[in-house]
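The structure displayed is predicted, hence computed values, not measured ones.
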Amino acid sequence: MTNPLSSFAHRTARWCALHPWRAILGWVAFVAFAIGLATMIPTQETTDADYRMGESGRADAMVAGAGFNDPDTEQVLITANSGDLDTQAAKQAADAVVAGMKPLGGVDKVAEPQVSPDGTAYLVQIQLARDQDDVSSLQDVTAAVQADHPELRVRESGDVSLDDAINQRVSDDLSSAETLSLPVTLILMLLAFGALIAAGIPVLLAGTSVAATVGVLAPVSHLIHADSTVTSMIVLIGMAVGVDYSLFYLKREREERAKGHSTRDAVEIAAQTSGHSILVSGAAVICAMAGLFVIGDSTFNSLAVGSIIVVAVAVLGSITVLPALLAKLGRWVDRPRVPLLHRVLRRTRRGAISGRVLGPVVKHPLVALAMATVVVVLLAIPALGMKTHSGNLETLPSSIPEAKTAQELSKAFPSEGTTADLVVKADPSQQATVAAALAEVENQAEASPLFQPSGKQVEVSPDGTVSVLTLAMPFDESDNRVDTAIEKIRTTLAPEALDGASGSKVEYAVGGDAAESYDFVQREQSRLPFVIGFVLLLTLLIMGVTFRSAPIALISAGLNLASVGVAFGLMTLVFQHGWFESALDFSSPGFIIDWLPLFVLVVLVGLSMDYHVFVLSRIREHVQRGLPTRLAVRQGVADTAGVVTSAAAVMVSVFSIFATLSMLEMKMMGVALSGAILLDATLIRLVMLPAILCLLGDRAWWPMRRPQPLGRRVVEDEPEYELV
């Protein structure tokens, strides 16, 4: 029975090959229209309300609805340049900062200088006017005071300056990655094809898919708000799958032309084989990315929407404009050739390198599988001790001056460091009762080693309905004792003081940055098993339906789990335990940034399914032609080894560039994905998959009915191998 996906890909490619100009112009019109959407419809970005979750979300909503005047602030930290602080000089510098800041436009209020509890620092806080987002004039004053007091260190950080510095560093990092990844991708494509046009087509398809997706996302963002990171996600996923799909199609079309088929026939054969694989792998990537919706977080929702759209657009381009281009170009796709490189590629026998690995694997599959499994398990075991936490001051590069200042400021002034906010909402007539209860909470908290005096008074909203008590903790935000302190407030201190309040009902919640991080980690950990189950179940269904084989579906899910385990293990070893700190130029925070494991899970499962489907499809082709399973495995893997190697090389190279960037999130993502994909494309797909299939033999295709074997007759135009 004809496979519906294969038939659809074949019919679409046939029409595009017969009407190439219509298909090409249609694609150009689609991309232009999508880009036009972005210029006509503004993208709706996420707001603070989108990120609320759990108890901390309720606390934030209560504060936001109470009319608190909560403008941005800047802080100027004054410390000794070396040795002990000269308090007289520091006081003069602080007074100079106050005098210089007060007359500035955009400044509402400048607080009097305060001394740190240990007397080693002075702090000046500046309250900005609402919607003030330019602090360059404040930074000029800070620089002038620093110049007048060289014996001191006068530095500024704050809501605006720190955000600006982080955004600039992220922008610089991504710009650097994009600048490096494009030539690297082109070079790898040249090495794969030996011709400029063939090398440029995958990059062109991927680039136009990304551009179209950014445009389509603009109207979609009014339904699901776009997170600031979604564009980077679109570029990352779009370039990876766009290049992969073009590689699969283009390699097969060139292979069929080399066998003597006409260009049109070669395009149709590629559509029936590689086109079918593209549709299946695209569906697998989309299903994996859909797993992000399970978390229910606005960032993950946005990333899921962006990645699903870009994969769908890349699949559309691969089965429409790509066949049209190949049909129109014909043999010109192999021009202009890179002389020496093209000759080397022509003389390299297909499967020559992979055959050296496959020989022992096919001959001794049980030994090969056991050895590979040991390596995978050893790399995955560290993941059992993985600790996650949200990104904070500790995870910011110390090379950002504002981040370094903020880190030192939080240590010198505990009230500016790790804190939790107990937010209470009650009738204004209950204000005295609430104040007494909050005083009791504060006294009980400060008697515990989990807390210390914050130096802040209880804030009350203008209408008297909401009160906020700030409690300080003498720990870094990633310390486990912070979670214990938050639990103590929520389960003991607040209920004991507030549940017995007389009169109308009192509503309360614990919020703040530390509580938000705690709630996010709790949400992610509670739903991560559902995400894994969702992704694996859909993988099982897609692979089972595509290959009509229960063992193949189970093997695919198991190998995906192995790849994910390796990625998690690498992240834990490198970033939690500090392996290769000096080589990668970072300081270990002792944890993994909370959103990365889930992100890596879905991206890795999605991308690794690309070449997994491609390899299995070629093996099944040989099985259906009558080859014994062992020979079909060896020949199928050898046929696809070049394409898989090229596709994996692109992804590993691009992700390795991310590992060299300064932002720790980028490093973690780059190391995890590049390492796991490298191992996935070699040890897992080149050793474990063939070994398992050889051990199962014909049972691997159950319950698919296997055609009668053709004996020792080898399929025409295929390289001949001896059956080992």
Side-chain angles (χ1 to χ4, degrees), residues 44-73 108-109 125 127-133 158-160 163 221-228 295-302 390 415-416 418-442 445 454 456-472 486 489-491 493-495 497-520 522-523:
Q44 177 62 55
E45 297 187 352
T46 51
T47 62
D48 291 342
D50 292 323
Y51 295 100
R52 293 171 185 158
M53 67 170 58
E55 185 171 335
S56 60
R58 289 194 291 110
D60 186 62
M62 283 192 283
V63 171
F68 276 98
N69 182 23
D70 190 25
D72 291 330
T73 60
D108 264 359
K109 184 171 63 175
Q125 291 191 323
Q127 181 176 302
L128 304 178
R130 188 173 295 277
D131 299 326
Q132 176 68 23
D133 57 3
D159 296 329
V160 176
D163 283 350
S221 68
H222 290 266
L223 298 175
I224 299 178
H225 296 171
D227 186 82
S228 59
I295 295 295
D297 174 71
S298 59
T299 298
F300 286 138
N301 290 345
S302 176
S390 64
S415 63
E416 303 299 326
T418 305
T419 60
D421 295 331
L422 175 56
V423 183
V424 182
K425 184 177 182 181
D427 189 89
S429 62
Q430 293 290 101
Q431 188 171 343
T433 304
V434 170
L438 291 179
E440 180 184 345
V441 171
E442 187 172 25
S454 68
K456 291 187 175 182
Q457 301 294 321
V458 174
E459 294 184 71
V460 181
S461 63
D463 60 4
T465 59
V466 176
S467 302
V468 180
L469 170 65
T470 298
L471 298 172
I486 291 171
I489 304 171
R490 289 178 172 178
T491 60
L493 298 180
L498 293 165
D499 283 352
S502 60
S504 59
K505 183 181 177 182
V506 174
E507 181 182 356
Y508 61 89
V510 178
D513 292 341
E516 288 174 5
S517 173
Y518 176 79
D519 288 340
F520 180 85
Q522 293 299 308
R523 168 79 69 88

Is there a side-chain contact between Y51 and D227 (heavy atoms, below 4.5 Å)?
-> yes
Taking all heavy atoms of V510 and all of A515, pick out the closest pair and write down the distance.
-> O-CB, 3.8 Å
Can you check whether D297 reaches M53 side chain to side chain, under 4.5 Å on heavy atoms?
-> yes
Side-chain donor/acceptor of S461 to backbone N/O of V466, under 3.5 Å = yes
Between T73 and Q127, what is the shortest heavy-atom contact and its length?
-> CG2-CA, 4.3 Å
Heavy atoms only: give me the nearest G54-R523 pair and the separation to one decimal.
-> N-NH2, 4.3 Å
For S467, side chain to side chain donor-acceptor pair (under 3.5 Å) partners two or more places apart = none
Counterpart residues, side chain to side chain donor-acceptor pair (under 3.5 Å), relative to S298 (two or more places apart) = none
Here the gap from D108 atom CG to D72 atom CG, rounded to the nearest 0.5 Å, amounts to 11.0 Å
Shortest non-hydrogen pair, V441 vs A497, comes out as CG2-CB, 3.5 Å
CG on L493 to CD on E442, rounded to 0.5 Å = 11.5 Å
Shortest non-hydrogen contact from V423 toward A59 = CG2-CB, 3.9 Å
Interatomic distance, CG@L438 vs CG@L498, rounded to 0.5 Å, equals 6.0 Å
Interatomic distance, CD@Q44 vs CG@L223, rounded to 0.5 Å, equals 11.0 Å
Does anything in residues 506-518 pair up under salt bridge (charged side-chain N to carboxylate O under 4.0 Å, His left out), and if so which pairs, sequence neighbours excluded?
-> none
Contacts of type side chain to side chain donor-acceptor pair (under 3.5 Å), residue Q125, not counting sequence neighbours = E416
Please examine the side chains of V424 and V506, heavy atoms only from C-beta on, and report whether any two atoms are closer than 4.5 Å.
-> yes
Crowded around D463 CG? As in, over 12 foreign heavy atoms under 6.0 Å?
-> yes
Not counting sequence neighbours, which residues clear salt bridge (Lys or Arg N to Asp or Glu O under 4.0 Å) with E55? List them please.
-> R490
Rounded to the nearest 0.5 Å, the CD1 atom of I489 sits from the CG atom of L471 at a distance of 5.0 Å
R52 meets the side chain to side chain donor-acceptor pair (under 3.5 Å) criterion, sequence neighbours left out, with D60
Tightest non-hydrogen contact, residues A66 and P462, listed as O-CD, 3.7 Å
So how far is it from L469 CG to E440 CD, rounded to the nearest 0.5 Å?
-> 12.0 Å
